[in-house]
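Residue numbers start from 1 in every chain, and the chains themselves are labelled A, B, ... in the order their sequence lines are given, proteins ahead of strands.
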Amino acid sequence: MIWITLIAVFVIIIAAIAVVMLRNLMAAVVATSVVTLTLSILFVVLRAPDVAMTEAVVGMGLSGVLLAMTLRKLKMNGESDHEDA
Amino acid sequence: MKTHNLTSFVFLAGLVVLLAALLVELPFGHGPMVTGQGILKQAPQTTGTANIVTSVVLGYRGLDTLGELTILFIAATAVGLVLGKQTRQHPIRQGGYILRIAADLLHPFLLLLGVYIIVHGHLTPGGGFQGGVILAIAYFLPLLAGTQNIIQEKLVSILEGLAGTAFISIGLLSMFKHGDFLAPLLGQGTLGELFSGGTLPLLYIAVGLKVGSEMAGLMMRMLQEDEPLA
């Protein structure tokens with residue numbers, strides 16, 4: 001159990017640093033999704049499945065889609081010429 | 001620039017000290033529970049739900065859930081005010097063949113998963129909020145992949161209004177019967193069965209439909225094309 005926690009915390013920190021460092025904004029959005037997905041694993045470890053579900057669905061699905069669509073609307077998603085939806 | 005860096009460093013150091021102190025003080029994974037213990041003891045008998053989180057969300061703190069729904073409604077309305085102008089649909093570039101077929105294939109499974117999570121909200125983890133968002137994503141995924149639009153805006157807004165009205169009217173009904181807003185009605189049934197927990201599953205269905213339709217409407221407005229500024 002402690003190993004899952006440690007790995008999850010490690011992945012969260014790496015992904016959170018990646019969000020700030022990445023030049024490609026779409027990749028940064030994906031990195032935020034990684035943060036929330038790993039955080040939801042941490043919630044499962046803490047025996048809060050309801051919170052984990054909310055975190056995974058809202059944090060990854062909803063806000064990921066919203067951020068990605070905002071980038072698309074602002075035409076900031078890197079190479080906008082040949083992106084495949 | 002230098003003072004800026006220094007202030008952020010001081011702030012970070014303070015935050016680290018604070019978090020470290022919290023970590024030392026609290027045993028990992030066992031929060032200090034005072035109200036929680038009491039609720040854990042009496043919730044299955046008083047509300048009849050196997051999932052105690054549901055009994056808190058809809059029974060003990062039902063008013064907070066109504067507040068959350070209101071906040072969500074206001075946020076969606078604000079987004080609609082800023083973005084949605086009922087213009088023509090954004091001509092989405094079609095995704096590749098595999099992407100489109102996969103999105104269409106996933107749609108019924110996601111629908112089923114969302115409905116399952118909403119209906120079993122009082123038995124297993126999950127509930128209206130999570131299932132509602134999954135429902136919205138199920139309708140949104142084909143749209144994002146570039147197949148045709150299957151969300152009807154009018155239907156979505158009608159559904160949203162109906163679900164909100166249902167939640168409030170169930171609450172008012174129990175206020176007239178019991179004197180408490182959102183007090184569980186209809187008896188409890190057997191613990192752990194699908195038809196148990198009184199009005200709580202009905203409330204969760206209302207929450208799920210409201211959240212789902214709100215999210216679908218919100219994301220659809222994001223997709224609509226802006227009119228060029230005149």
### Query
About how many Å separate OG1 of Thr124(B) and CE of Met53(A), when rounded to the nearest 0.5 Å?
6.5 Å
## Note on the structure
Distance col, row Ile134(B):CD1 vs Leu62(A):CG, nearest 0.5 angstrom, shows 11.0 Å
### Query
With a 4.5 Å heavy-atom cut-off, do Val51(A) and Val53(B) have their side chains touching?
no
### Query
Is chain B contacted by the side chain of Val65(A), its backbone, both, or neither, given a heavy-atom distance below 4.5 Å?
side chain
### Task
List the atom of Thr54(A), the atom of Gln130(B), and the distance in Å for their closest heavy-atom pair.
OG1-NE2, 2.8 Å
### Query
Does atom CG of Leu12(B) have more than 12 heavy-atom neighbours, drawn from other residues, nucleotides or ligands, at distances under 6.0 Å?
yes
